[in-house]
Amino acid sequence: MRIENATLADGRAVDVRVEDGTVEAVGDLDSVDAEETVDAEENLLLPGAIDVHVHFREPGFEHKETWETGARSAAAGGVTTVADQPNTDPTTTDGAGFDVKAECAANACIDYGINGGVTADWDPDSLFDRPLFALGEVFLADSTGDMGIEADLFAEAAERAGEAGVPVTVHAEDADLFDESAIEGDLGGVGRDADADAWSAYRTAGAEAVAVERAVRVGGETGAQIHIAHTSTPEGVDAARDGGATCEATPHHLFLSRDDLDELGTYGRMNPPLRSEARREAMFERLADGRIDMVATDHAPHTREEKERSLLDAPSGVPGVETMVPLLLGAVVAGDLTAERVRDVVAANPADVFDLPRKGRIEAGADADLALYDLDAAREIRGADLHSNCEWTPFEGHTGVFPEWTMLRGEFVWDGDEFGAVAGENVRD
Ligand SMILES: NC(=O)N[C@@H](CC(=O)O)C(=O)O
Ligand SMILES: [Zn+2]
Ligand SMILES: [Zn+2]
């Protein structure tokens, strides 16, 4: 196959030859006899995005998402590789838990990795016997699934991961620094009417950097590669960088702030929570200048019914895998980011940090994971158009550029209208 007239993120106009699922050549390519041709019409061709932080909920919470619906949602948003987190039922904290998840993941139409989690009753021997994508997210404070652990166990887990050469992804919040007074008394309201800002006041911004500092210190002591999940504050990003760790930021911490909570209500409850507009701007600055290594969504779907509860009863988390690249390209159209920066934070950097040599780049020898975008076709994001089981988005009304098509190892997995019958594979197998 020859994809002709594509524009790469660096502005180069190229053709791309794909053979047996692999990019064979990139450049000014003559057509070969009887070769299938795909006209890219000078649109932007990006590597398939790698989202190293999703919760596809299966096994155990199929009413929220399954590997089939989550992977389709990803493909329709230009994402061709995901890494799934361990807070399912059963949790992915021992070999058997990993194996059950691997069976579910076989239904995905995109490639994937499976993380191993840490709880007091985990079984590291059988877990490290499996092809883990990473250890994590290791919860330094409780979140959905109540998998928060003590400091000693974290050090022990980091030690094991260091020995095994497996990176450690950390949910870094220090619950000792949460402000309980913010959620005492009658908060009033349910769903969109709830006073959701109290969640941001409760899980304080200061609780992040302190936990990041502890995580990087343990990383230094144990030799483990530390990656900080969903950094939500500039202080957290800076602490990760100063300590030699990598970090990710979510689309919601880059495009939403506490100012949006009046409208979002409990739909905007997540961990770590939305921060002030000033902190959001400081996060976006770090995204634009390269201090944030990658964007990952923390795609954490819950049903509307679950989110329509009071602030203390609604679960934490928002979906995001389908809208990550679209939102970032919306920022490119607005002149706030370069296309190269988007390519790096959604593809090249996660491939480097998580050691995926065949992913994240459009170059000879790489998997032909590709997505094509028409920057003139930005449109309003609407939950009803998305493919996650949860059918809503916190980015309703924002502007996004969705892919014209998405390809996994040379096969169309999404043609802008329908999904292809494509089988995803475990990137660590
Ligand atoms: N981010 C969230 O608010 N929720 C996540 C868990 C997590 O990533 O902490 C979930 O699984 O729902
Ligand atoms: Zn988390
Ligand atoms: Zn998460």
With rounding to the nearest 0.5 Å, note down the distance linking [atom1] in [X] to [atom2] in [Y].
{"X": "Asn271", "Y": "Thr144", "atom1": "CG", "atom2": "OG1", "value": "6.0 Å"}
{"X": "Thr66", "Y": "Glu68", "atom1": "OG1", "atom2": "CD", "value": "5.5 Å"}
{"X": "Glu248", "Y": "Asn349", "atom1": "CD", "atom2": "CG", "value": "12.5 Å"}
{"X": "Leu187", "Y": "Trp199", "atom1": "CG", "atom2": "CH2", "value": "10.0 Å"}
{"X": "Arg72", "Y": "Asn107", "atom1": "CZ", "atom2": "CG", "value": "10.5 Å"}
{"X": "Leu386", "Y": "Thr69", "atom1": "CG", "atom2": "OG1", "value": "12.5 Å"}

Atom of [X], atom of [Y] and distance for their closest heavy-atom approach:
{"X": "Leu356", "Y": "Val427", "result": "CD2-CG2, 3.8 Å"}
{"X": "Asp429", "Y": "Pro131", "result": "OD1-CG, 3.4 Å"}
{"X": "Val23", "Y": "Val26", "result": "CG1-CG2, 3.7 Å"}
{"X": "Glu235", "Y": "Arg279", "result": "OE2-NH2, 2.9 Å"}
{"X": "Thr92", "Y": "Asn115", "result": "CG2-O, 3.3 Å"}
{"X": "Val82", "Y": "Val79", "result": "CG1-CG1, 3.8 Å"}

Contact check, side chains of [X] and [Y], non-hydrogen atoms, under 4.5 Å:
{"X": "Asn87", "Y": "Arg57", "value": "yes"}
{"X": "Asp146", "Y": "Phe139", "value": "no"}
{"X": "Ile110", "Y": "Thr406", "value": "no"}
{"X": "Lys64", "Y": "Glu306", "value": "yes"}
{"X": "Leu135", "Y": "Arg160", "value": "no"}
{"X": "Arg428", "Y": "Leu132", "value": "no"}
{"X": "Tyr373", "Y": "Glu404", "value": "no"}
{"X": "Met294", "Y": "Ile50", "value": "no"}

Answer yes or no: is there a donor N or O on one side and an acceptor on the other, between the side chain of [X] and the main chain of [Y], under 3.5 Å?
{"X": "Arg280", "Y": "Leu254", "result": "yes"}
{"X": "Thr88", "Y": "Pro90", "result": "yes"}
{"X": "His253", "Y": "Pro272", "result": "yes"}
{"X": "Glu65", "Y": "Cys390", "result": "no"}
{"X": "Glu213", "Y": "Ala239", "result": "no"}
{"X": "Arg304", "Y": "Glu391", "result": "yes"}
{"X": "His55", "Y": "Asp298", "result": "no"}
{"X": "Thr91", "Y": "Pro86", "result": "no"}
{"X": "Glu62", "Y": "Gly60", "result": "yes"}
{"X": "Arg214", "Y": "Val210", "result": "no"}

Around atom [atom1] of [X], are there more than 12 heavy atoms of other residues, nucleotides or ligands at under 6.0 Å?
{"X": "Glu103", "atom1": "CD", "result": "no"}
{"X": "Asp262", "atom1": "CG", "result": "no"}
{"X": "Asp125", "atom1": "CG", "result": "yes"}
{"X": "Glu363", "atom1": "CD", "result": "yes"}

| query | Taking NZ, NE, NH1 and NH2 as the nitrogens, is one of them in Glu285 or Arg291 under 4.0 Å from a carboxylate oxygen of the other? | reply | yes

| message | Please determine whether a side-chain nitrogen of the Lys or Arg among Arg203 and Asp142 lies less than 4.0 Å from a carboxylate oxygen of the Asp or Glu. | response | no

| said: Working note: Val318 + Tyr267, criterion side chain to side chain contact (heavy atoms under 4.5 Å, CB included); need CA distance, chi angles, decisive distance, verdict. | reply: CA-CA 7 Å; Val318 295; Tyr267 286 88; 5.9 Å; no

Are [X] and [Y] linked by a side-chain donor-acceptor pair shorter than 3.5 Å?
{"X": "Glu425", "Y": "Tyr112", "result": "no"}
{"X": "Arg269", "Y": "Ser316", "result": "yes"}
{"X": "Arg275", "Y": "Thr233", "result": "no"}
{"X": "His230", "Y": "Glu173", "result": "no"}

| query | Should Leu328 and Arg341 be marked as a side chain to side chain contact (heavy atoms under 4.5 Å, CB included) after you check the CA-CA gap, both sets of side-chain angles, and the distance that decides it? | reply | CA-CA 9 Å; Leu328 292 168; Arg341 191 74 200 115; over 6 Å; no

| note | Exactly one candidate in Arg358, Lys359, Arg409 meets side-chain hydrogen bond (donor to acceptor under 3.5 Å, both in side chains) with Asp369; the answer is Lys359

| request: Test side chain to side chain contact (heavy atoms under 4.5 Å, CB included) on Leu44 and Leu329 and set out the steps. | output: CA-CA 10 Å; Leu44 175 66; Leu329 291 179; 3.9 Å; yes

Could you check whether the rings of [X] and [Y] sit parallel, tilted or perpendicular, using 30° and 60° as the cut-offs?
{"X": "Phe419", "Y": "Trp414", "value": "tilted"}
{"X": "Phe395", "Y": "His398", "value": "perpendicular"}
{"X": "Phe412", "Y": "Trp405", "value": "perpendicular"}

| Given the rule in the side chain to side chain donor-acceptor pair (under 3.5 Å) test, do Thr297 and Asp51 qualify, once you have shown the distances and angles that lead to the verdict? | CA-CA 7 Å; Thr297 63; Asp51 182 354; 2.5 Å; yes

| Check: Phe56 ring centre within less than 6.0 Å of His299 ring centre | yes

